[in-house]
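The figures here come from the full heavy-atom set of this structure, side chains too, leaving out hydrogens, waters and symmetry mates.
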Amino acid sequence: MRHRGGGAVNERQHGEHGHVPVMAERMFDLLAPALTRTDSDGTGAVLVDGTLGAGGHTEYFLTRLPGLVVHAIDRDTSAIGIASERLAGFGDRVFFHHARYDEIDDVVARAGLSTVDGVLLDLGVSSMQLDRTDRGFAYSVDAPLDMRMNSDDDLTAADILNTYEHGALARVLSEYGEERFAGKIASAVLRERAIEPFTTSGRLVELLYATIPAATRRTGGHPAKRTFQALRIEVNHELDSLRGVIPASLDVLAVGGRLAVMSYQSLEDRIVKRDFAQAVRNTTPAGLPVDLPGTAARFALVTRGAEQADATEREANPRSAPVRIRAIERVAEDEGGTR
């Protein structure tokens, strides 16, 4: 969830646009070492913002690095429209691409580039989407059960609730929402949809209050949080996209380039952690005095473990509380001399 904060630039952004990028200064610190080059023709480094949203991070980076060029990706056309207006003053230093972030390799190729210097991924649903009540992402207001990040997609949250069989629905709630009462909730949904199909979030929230035991409701946060997360992930195929974007992003990095990822829930962070661990592995058999060809690690971790927002950040932006940040750098070319 992309509510962000910190620094004078961010205060200006908040005043003008209402959306402040979470941990913008820390993300800048992690990526800036890869973004300070200037080529002989005067062109600067290239950053891909794979999760443009309202454009807060892109604005922060463009303001701090006058030579930087950003290619910004979002699957939500309304986000691109809002960010385009916000970033209009940067002219041809920012380019917008309507795509999923796991299509980053295609975006880079279409831009006429072979590599980029940095990639920023701020996962999950953006603050702009949460604030649009008609999109159905928030469980605090009654709204259509939509949850599509790309309104051109077919599947909605209502479709899932009204058509999935018990086993499939329980799997979604358990796997993507880590919901302990997935089977019980699925049974309640099937029973209620036989009376009347689900169309709005208010009715689903009422069902969840009635289904989840009172003791759990008192201690486990809002009873709708896990179900709404699960539905959103299923609607947008978020984890499938994440599994694709990490290797694709690593592949387009130049030597010295960095990838930084902000995750907001454990399912995302586990995927990022796993893929980063695999990328930094040295596969030379133990005991050999030198690395065999093609076995040395081509990446190195920039962060040790997952970094979290500090108390100041959490107070300024409560939605930054669950954030986990990991960063990685390409340190060597691929075998064969590419990158």
**Complete:** Here the pair of heavy atoms bringing T51 nearest to Y101 is CG2-CD2, 3.5 Å

**Asked** What residues, two or more places apart in sequence or in another chain, satisfy side chain to side chain donor-acceptor pair (under 3.5 Å) together with E234?
**Response** Y164

**Request:** Kindly indicate whether a cation-pi arrangement holds for R203 with F198, taking the cut-offs as under 6.0 Å to the six-membered ring centre and within 45° of the axis.
**Result:** yes

Determine all donor-acceptor pairs shorter than 3.5 Å in which one atom belongs to a side chain in residues 239-249; sequence neighbours excluded.
from : atom 1 : to   : atom 2 : distance (Å)
D240 : OD1    : R243 : NH1    : 3.1
S241 : OG     : H237 : O      : 3.3
S249 : OG     : V245 : O      : 2.8

**Message:** Apply side-chain contact (heavy atoms from CB on, under 4.5 Å) to residues I160 and L169 and explain how you reach the verdict.
**Reply:** CA-CA 7 Å; I160 294 170; L169 180 57; 4.0 Å; yes

**Request:** Return yes if some donor-acceptor pair links the side-chain N/O of H222 with the main-chain N/O of A224 below 3.5 Å, else return no.
**Result:** yes

**Message:** Using the rule given for side-chain contact (heavy atoms from CB on, under 4.5 Å), can you reason through R64 versus E59, listing the C-alpha separation, both sets of side-chain angles and the distance that settles it, and then say yes or no?
**Reply:** CA-CA 9 Å; R64 295 285 300 273; E59 183 178 32; over 6 Å; no

**Prompt:** Between D251 and D105, is there a donor-acceptor pair closer than 3.5 Å when you use the side chain of the first and the backbone of the second?
**Reply:** no

Only distances under 3.5 Å count here; give the side-chain donor-acceptor pairs of residues 184-192 to other protein atoms, sequence neighbours excluded, each with its distance to 0.1 Å.
from : atom 1 : to   : atom 2 : distance (Å)
K184 : NZ     : T211 : O      : 3.4
S187 : OG     : H166 : NE2    : 2.9
S187 : OG     : G183 : O      : 3.1

**Message:** For a quick test of reading the model, state the closest non-hydrogen atom pair linking A230 to G177 and the distance between them.
**Reply:** CB-N, 3.5 Å

**Item:** Residues D269 and S266: side-chain donor-acceptor under 3.5 angstrom
**Value:** no

**Asked** Linking I/L/V/M/F/W/Y whenever their side-chain heavy atoms sit closer than 4.5 Å, directly or via other members, would L155 and L231 fall into one cluster?
**Response** yes

**Request:** Would you indicate whether the side-chain heavy atoms of V69 and L47 approach each other to under 4.5 Å?
**Result:** no

**Request:** Compare all side-chain heavy atoms of F90 with those of T63 and state whether any distance is below 4.5 angstrom.
**Result:** yes

**Prompt:** Just how far is it from atom OG1 of T36 to atom CG of L31, taken to the nearest 0.5 Å?
**Reply:** 11.5 Å

**Asked** Any side-chain heavy atom of F228 sitting closer than 4.5 Å to one from V205?
**Response** yes

**Request:** Would you check if L173 and R226 make a side-chain contact, meaning some heavy-atom pair closer than 4.5 Å?
**Result:** no

**Fill in**
Here the pair of heavy atoms bringing D74 nearest to G53 is OD2-N, 2.8 Å

**Prompt:** Do the non-hydrogen side-chain atoms of V107 and V48 ever get within less than 4.5 Å of each other?
**Reply:** no

**Prompt:** Would you say the side chain of L250 lies within less than 4.5 Å of the side chain of L259, judging by non-hydrogen atoms?
**Reply:** yes

**Item:** Which atom of V280 lies closest to which atom of A297, heavy atoms considered
**Value:** O-CB, 3.3 Å

**Complete:** Closest non-hydrogen contact found for G202 with D142 is N-OD1, 2.6 Å

**Worked verdict on R93 versus V70 for side-chain contact (heavy atoms from CB on, under 4.5 Å)** = CA-CA 6 Å; R93 293 178 56 207; V70 176; over 6 Å; no

**Request:** For the residue pair D122 and Y264, establish whether any side-chain heavy-atom pair is separated by less than 4.5 Å.
**Result:** yes

**Request:** Answer with yes or no whether the hydrophobic clustering places I212 together with Y209; edges join I, L, V, M, F, W, Y residues whose side-chain heavy atoms lie under 4.5 Å apart.
**Result:** yes

**Request:** Check side chain to side chain donor-acceptor pair (under 3.5 Å) between T163 and all other residues, then give those that pass, not counting sequence neighbours.
**Result:** none

**Asked** Between atom NE2 of H71 and atom OG1 of T58, what is the distance when rounded to the nearest 0.5 Å?
**Response** 11.0 Å

**Prompt:** Between the side chain of T200 and the main-chain N/O of A143, is any donor-acceptor distance below 3.5 Å?
**Reply:** no

**Asked** Any side-chain heavy atom of R75 within less than 4.5 Å of one from D153?
**Response** yes

Do any side-chain atoms of residues 305-312 form donor-acceptor pairs under 3.5 angstrom with protein atoms, and if so which ones, sequence neighbours left out?
from : atom 1 : to   : atom 2 : distance (Å)
E307 : OE1    : R26  : NE     : 2.7
E307 : OE1    : R26  : NH2    : 3.4
E307 : OE2    : R26  : NH2    : 2.8
D310 : OD1    : T312 : N      : 3.2
D310 : OD1    : E313 : N      : 2.8

**Message:** What's the separation between atom CG in L87 and atom CZ in F96, rounded to the nearest 0.5 Å?
**Reply:** 5.0 Å

**Request:** Might you point out which heavy atoms bring A45 and A34 nearest each other, and give the distance in Å?
**Result:** CB-O, 4.2 Å

**Message:** As an exercise, state the distance from CD of E196 to CG of N162, rounded to the nearest 0.5 Å.
**Reply:** 9.5 Å

**Asked** Ignoring hydrogens and geometry, is there a side-chain-to-backbone donor-acceptor pair from S84 to I80 under 3.5 Å?
**Response** yes

**Item:** Crowding at CD, E178 (>12 non-hydrogen neighbours, <6.0 Å)
**Value:** yes

**Request:** Enter the distance from Q229:CD to T227:OG1 here, rounded to the nearest 0.5 Å.
**Result:** 9.5 Å

**Donor-acceptor pair between D146 and T156 side chains, under 3.5 angstrom** = no

**Asked** Do L30 and I325 pass the side-chain contact (heavy atoms from CB on, under 4.5 Å) test, and can you show the C-alpha distance, the side-chain angles, and the key distance before you say yes or no?
**Response** CA-CA 10 Å; L30 290 170; I325 293 178; 3.5 Å; yes

**Asked** Do the side chain of R326 and the main chain of V272 share a donor and acceptor less than 3.5 angstrom apart?
**Response** no

**Prompt:** For the atom pair CZ (R330) and CZ (R298), what is the distance rounded to the nearest 0.5 Å?
**Reply:** 6.0 Å

**Message:** Strictly distance-based, threshold 3.5 Å: is any side-chain N or O of E165 a donor or acceptor partner for the main-chain N or O of G167?
**Reply:** no

**Message:** Quick check against the 3.5 Å criterion: does Q265 have a side-chain atom that pairs as donor or acceptor with the backbone of L267?
**Reply:** yes

**Request:** Could you tell me which residues satisfy side chain to side chain donor-acceptor pair (under 3.5 Å) with D102, sequence neighbours excluded, listed by chain and number?
**Result:** R100

